Participant: 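Got a structure for you, written out below as C-alpha cells; questions coming shortly.
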Amino acid sequence: MADRTSARLFGKIFGLLAKNPSEEHKAIAKEVFAETDNYDFSSYQMDADDSLMALGLARLGVDPEYPEEGETVLYGEHNEP
C-alpha cells in the first residue's frame, strides 16, 4: 500500500521550492528527491509534476520501456534532456 501521507508531504516541499527555482533550491530539491526512494510511493503520487519539472527533476518524454504510452512524465535528474 502506498504511503500517500508522505507523498503529499514531499509534494508540498517540492511545491514550496519551485516557487523560486533558484540554483540553491534546485540543489536542495535534488537532495530531498533522493530521499523519496526510502518511502513507499511512486513519484506521480506526490502530485507535483509541474514543481518537479521547474526544479529539473522531471520532464516530459517517451519512456523507452513503455513507448506505446507516448509522452509521459519521466522522473529523476537522470531524465534531464
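The structure presented is a predicted model; accordingly, all values stated were derived computationally and were not measured.
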Participant: I need the S51 OG to K12 NZ distance, nearest 0.5 Å.
Facilitator: 11.0 Å
Participant: Evaluate the criterion side-chain contact (heavy atoms from CB on, under 4.5 Å) for residue pair Q45 and D3; output intermediate values, then yes/no.
Facilitator: CA-CA 9 Å; Q45 291 174 311; D3 180 1; over 6 Å; no
Participant: Taking all non-hydrogen atoms of both residues, which atom of A18 and which atom of P21 are closest, and how far apart?
Facilitator: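 Smallest interatomic distance, heavy atoms only, reads O-CD, 3.3 Å.
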Participant: Rounded to the nearest 0.5 Å, what's the gap from CG on L52 to CG on L74? Could you check?
Facilitator: 12.0 Å
Participant: Carefully, step by step, assess Y75 and L57 under the rule side-chain contact (heavy atoms from CB on, under 4.5 Å).
Facilitator: CA-CA 6 Å; Y75 299 96; L57 294 171; over 6 Å; no
Participant: Indicate the atoms forming the closest heavy-atom contact of L17 with I28, along with that distance.
Facilitator: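 Minimum heavy-atom contact is CD1-CG2, 4.0 Å.
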Participant: Work out which heavy atom in P64 is nearest to a heavy atom in P67; give both atom names and the distance.
Facilitator: O-CD, 3.4 Å
Participant: So if you build clusters from Ile, Leu, Val, Met, Phe, Trp, Tyr with side-chain heavy-atom gaps below 4.5 Å, do V32 and L16 land together?
Facilitator: no
Participant: Evaluate the ring-ring contact (aromatic ring centres under 6.0 Å, His included) criterion for residues F33 and F10: first the C-alpha distance (whole Å), next the side-chain angles of each, then the deciding distance (0.1 Å), finally the verdict.
Facilitator: CA-CA 8 Å; F33 190 82; F10 277 101; 8.8 Å; no
Participant: OH/Y44 to CG/D49 distance, rounded to the nearest 0.5 angstrom?
Facilitator: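 These two atoms lie 11.0 Å from each other.
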Participant: Rounded to the nearest 0.5 Å, what separation is found between the CE atom of M53 and the CG atom of L55?
Facilitator: 11.0 Å
Participant: Taking it one step at a time, do E68 and Y66 satisfy side-chain contact (heavy atoms from CB on, under 4.5 Å)?
Facilitator: CA-CA 5 Å; E68 67 279 359; Y66 304 100; 3.8 Å; yes
Participant: Say you draw a straight line from CG of N20 to NZ of K26; how long is it, rounded to the nearest 0.5 Å?
Facilitator: 10.0 Å
Participant: Working to the nearest 0.5 angstrom, can you tell me the gap between R4 CZ and D40 CG?
Facilitator: 10.0 Å
Participant: Are R8 and M46 packed together at the side-chain level, in the sense that at least one heavy-atom pair is separated by less than 4.5 angstrom?
Facilitator: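 Sidechains of M46 and R8: no contact.
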Participant: Would you indicate whether D50, at its atom CG, is surrounded by more than 12 heavy atoms from other residues, nucleotides or ligands within a distance under 6.0 Å?
Facilitator: no
Participant: Below 4.5 Å, heavy atoms only, C-beta onward: do L60 and T72 meet side chain to side chain?
Facilitator: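 No - every pair of side-chain heavy atoms lies 4.5 Å or more apart.
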Participant: Can you name the nearest heavy-atom pair linking A29 to F14, along with the distance?
Facilitator: O-CE2, 3.5 Å
